[in-house]
Amino acid sequence: MQKITLASASPRRKELLILAGFSPEVVPSSVEEKITGADPSKAAEGLSRIKCLDVAEKKKSAAGRSVVLGSDTIVVLDDRILGKPKDRENACRMLRRLQGRKHQVITGVTIALVEDGSIRETDTFSSRTDVWVASMSEEEIRAYVETGDPLDKAGAYGIQGPFARFVEKIEGDYYTVVGLPVAAVYRHLKRFL
Ligand SMILES: Cc1cn([C@H]2C[C@H](O)[C@@H](COP(=O)(O)OP(=O)(O)OP(=O)(O)O)O2)c(=O)[nH]c1=O
């Protein structure tokens, strides 16, 4: 098993890394997430970098070598970024906008190599997937929001849960939508392990 430090409190990211054959040690970053900048890919990459470097700094004092991974997922509709909903009303508003059309999900990832007390190398990239959401009635939106599933998720939905019934098509990596583009992560991680 290849050890990796996951700078994320998201249980989904941990599960995805285990699924891909890694042995993640979870050290969540304590930084405030603030989305800035006009370019969505750059925004997701920037947030992944902040989370990764926050934990990489903490790892400097540990002996040996650590590989730290930070990640951030955003939903993009007409070049506007949707983060996590603030409350149920906000979740309903996001879903009214997403239903009946296509949007993008972007996950930014940063990997850092920490060795002998310093950050030796970093690698930042992002992956994008297009998602087509079916038309939803007001009732369907309310019923889904009532499940509580949207509240901790970018764009107010989770493709891997009861929202699956509304996902008509995707183009790109499914795992990018769930929160970690596993194949791209492995491709980039290889040279650090
Ligand atoms: C669109 C979508 C998002 N999500 C999730 C992935 C992310 O966990 C979350 C977006 O929030 P993030 O800020 O990317 O991550 P997080 O707060 O869960 O964890 P941390 O900051 O500690 O790394 O939305 C799904 O699980 N399914 C989906 O279909």
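For ligands, and for the atoms within them, numbers begin at 1 and follow the listed sequence. These figures come from a predicted structure and were not determined experimentally. The residues of the chain are indexed from 1 along the displayed sequence.
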Q. What's the spacing between Leu69 CG and Ser8 OG if we round to 0.5 Å?
A. 8.5 Å

Q: Give me the ring orientation class for Tyr144 and Phe163: parallel if the planes are under 30° apart, tilted from 30 to 60°, perpendicular past 60°.
A: tilted

Q) Which residue and non-hydrogen atom of the protein lie closest to atom 22 (O) of ligand 1, and at what distance in Å? A) Ala9 N, 2.7 Å

**Q.** Within-4.5 Å side-chain heavy-atom neighbours: Val109 and Phe125
**A.** yes

(Q) Return the closest protein heavy atom for atom 26 (O) of ligand 1 as residue, atom name and distance. (A) Gln160 NE2, 2.8 Å

Q. Which residue supplies the protein heavy atom nearest to atom 3 (C) of ligand 1, what is that atom called, and how far is it?
A. Val177 O, 3.5 Å

Q | N/O donor-acceptor pair under 3.5 Å between Thr107 side chain and Thr176 backbone | A | yes

**Q.** Phe163 contact mode with ligand 1 (heavy-atom cut-off under 4.0 Å)
**A.** neither

Q: For atom 29 (O) of ligand 1, find the nearest protein heavy atom and state the residue, atom name and distance (0.1 Å precision).
A: Ile159 N, 2.7 Å

Q. Hey, which atoms in ligand 1 end up nearer than 4.0 Å to a heavy atom of Asp152?
A. 9 (C), 24 (O)

Q. Does any N/O atom on Lys153 come nearer than 3.5 Å to any N/O atom on ligand 1?
A. no

Q. Do Pro162 and Asp149 have side-chain heavy atoms sitting under 4.5 Å apart?
A. yes

Q: Just need the protein heavy atom nearest to atom 8 (O) of ligand 1, so name the residue and atom and give the distance.
A: Arg12 NH2, 2.9 Å

**Q.** Selected option - heavy-atom contact closest to atom 11 (O) of ligand 1, from Lys51, Lys84, Arg13, His103
**A.** Lys84

(Q) For the NZ atom on Lys14, are there more than 12 heavy atoms of other groups (residues, nucleotides or ligands in this structure) within a distance under 6.0 Å? (A) no

Q. Are any side-chain N or O atoms of Arg128 and backbone N or O atoms of Gln104, one a donor and one an acceptor, separated by less than 3.5 Å?
A. no

Q.
With heavy-atom distances below 4.0 Å as the criterion, list the atoms of ligand 1 near Gly158.
A. 27 (N), 28 (C), 29 (O)

Q: Can you measure from CG (Leu95) to CD (Glu140) and round to the nearest 0.5 angstrom?
A: 11.0 Å

Q.
I need the nearest protein heavy-atom contact for atom 6 (C) of ligand 1: residue, atom name and distance, please.
A. Val178 O, 3.3 Å

Q) In the protein, which heavy atom is nearest to atom 18 (O) of ligand 1, and how far is it? A) Ser10 CB, 3.5 Å

Q. What part of Ile74 sits under 4.0 Å from ligand 1 if we count only heavy atoms: the side chain, the backbone, both or neither?
A. neither

Q) Looking at ligand 1, does any of its N/O atoms fall within less than 3.5 Å of an N/O of Ala154? A) yes

Q: Run the salt-bridge test on Asp123 and Arg187 with the 4.0 Å N-O cut-off and return the result as yes or no.
A: no

**Q.** Salt-bridge criterion met for Glu57 and Lys60 (N-O under 4.0 Å)
**A.** yes

Q.
Are any of the N/O atoms on Gly179, whether in the backbone or the side chain, positioned under 3.5 angstrom from an N/O atom of ligand 1?
A. no

Q) Just which atoms of ligand 1 are under 4.0 Å from any heavy atom in Asp72? A) 12 (P), 13 (O), 14 (O)

